[in-house]
Amino acid sequence: MGLRVRYFGQLQEITGKKEESLTGVFGTIGNLRAHLIRCYPGLEKIHFKIAQDNTIDIDSSEVNGTLIDLLPPFSGG
Amino acid sequence: MGLRVRYFGQLQEITGKKEESLTGVFGTIGNLRAHLIRCYPGLEKIHFKIAQDNTIDIDSSEVNGTLIDLLPPFSGG
Amino acid sequence: MKENIKNIFVEGAISPTKIATSIAHHQSKTNIGAHAIFLGQVRADQIEGKTVHAIDYSAQTEIANQVCHEIREAAFSKFDLSCMHIYHSLGTVKSGEVCFFVFVSSAHRKPVFESLTAIVNEIKAKVPVFGKEIFEDQSHQWKVNQ
Amino acid sequence: MKENIKNIFVEGAISPTKIATSIAHHQSKTNIGAHAIFLGQVRADQIEGKTVHAIDYSAQTEIANQVCHEIREAAFSKFDLSCMHIYHSLGTVKSGEVCFFVFVSSAHRKPVFESLTAIVNEIKAKVPVFGKEIFEDQSHQWKVNQ
């Protein structure tokens, strides 16, 4: 089953993408994070949170959703 | 020389007046306060500040202005 | 002595339109990043079975404006503010209407939060304004601030 | 799960007229005695000789609305509030325009001061909104909250 991965804010510039589909087994959110940093080394410079299925999740959680969002530092208000 | 004495808020109801002229030598603000309470016994129930010449003053000050204002508790806002 | 003492008083209620106009006037001040506004609204309090219909405000306006001037100067010294505006109603303000409007602006949010609370509390405590609560049957009582 | 989750987002700047309309809507709520409002306004910051002309806001709106819902519920539990409204811009907001509007109301002033500061700070920290500062020459940098 595929993962839909979306990039927000400046992460769209770093990856050159708004979103993409990923296949593969990543195990945890932390592993997925490491995989994405390998694909897009520029991500290493930015602290980003990862949400799955519209909830921000921690790196030790299992990847079990279908929608993954990469969120750079928040700057609303 | 006379004093112009003005009553504000509920003090107008207690004294039945908006203002009046007083003649006499009162010495201190505290003495003037005592005099006014003798004239209008209802004033004893209300905590009021006294201003002279548009500045709130303390009872130990000398009466040396021409405008005296009696100010009941503030309730703005 | 009377350097730039502003008159805080307006006749009757403060309309939402006046508040909007005041906000709009700040759009040319592009060093501002944060505004905080306090509005006092007349409550239809129930007191011994009677409902407050309006408050009739009076004031010793010379002292009130002087004390607000001092509160303003102290706030500008203490907090990093760009702007500050204070308005209070005189005369009749019906329940549901706004009688008190304090508006502070700064580059950042911390000074506006801190100064707004301080300014409102000081005005309530130190400014000689008197509210007469008018009930629907035209009887009244004198408002007491908590 | 999605009980009454409000959409905080509006397209473009928040106008003074919208703020006035929101205030006017509360005049029928005569148990309210105090309102506090926070407005975030886009600053024309100077950065290395260039001036911020606008901020282009984007967001993960589903998470943003869910987190605002949780902030709202927590504030209603903690503070004695009658009303709370939160709005944030998406898209382009020019310098001097308002991008963020938080409005709290209560019978008395203490809960509005305390809750306003808490809610604004929480939204700034926890809500996934992203500001892209656009300079006059159309170059940009990503906003960082202090």
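Chain letters run A, B, ... following the sequence lines, proteins first and then strands; every chain starts at 1. Hydrogens, waters and symmetry mates are skipped; everything else that's a heavy atom, side chains included, is used.
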### Query
In residues 9-18 of chain D, which residues are in contact with chain A at a heavy-atom separation under 4.5 Å?
none
### Task
Decide yes or no for D:K132 and A:E13: does some side-chain heavy atom of the first lie under 4.5 Å from some side-chain heavy atom of the second?
yes
### Query
When heavy-atom pairs shorter than 4.5 Å are enumerated against chain A, which of D:S58, D:P128, D:A125 gives the highest number?
D:P128
### Query
So which heavy atom on D:I63 is nearest to which on A:A51, and how close?
CD1-CB, 3.4 Å
### Summary
Turns out that what part of D:A59 lies under 4.5 Å from chain A's heavy atoms comes down to backbone
#### Entry: Residue that, paired with D:E62, satisfies side-chain contact (heavy atoms from CB on, under 4.5 Å) out of A:T55, A:N54, A:D53
A:N54
### Query
Relative to each other, are the rings of A:F74 and D:F130 parallel, tilted or perpendicular (30° and 60° limits)?
perpendicular
### Message
Is it true that, when you exclude D:K50 itself, more than 12 heavy atoms of the residues, nucleotides or ligands shown sit nearer than 6.0 Å to its NZ?
### Response
yes
### Query
Partners of A:Q10 by side-chain contact (heavy atoms from CB on, under 4.5 Å), sequence neighbours excluded?
A:I46, A:P72, A:P73, D:W142
### Task
Would you please name every residue forming a salt bridge (charged side-chain N to carboxylate O under 4.0 Å, His left out) with D:E122, sequence neighbours left out?
D:K126
### Query
Can you check whether D:Q60 reaches A:L71 side chain to side chain, under 4.5 Å on heavy atoms?
yes
#### Entry: Closest heavy-atom pair and its distance - A:G76, D:K143
O-NZ, 4.0 Å
### Task
Would you please go through residues 86-100 of chain D and name the residues with a non-hydrogen atom below 4.5 Å from one of chain A, in numerical order?
D:H88, D:C99, D:F100
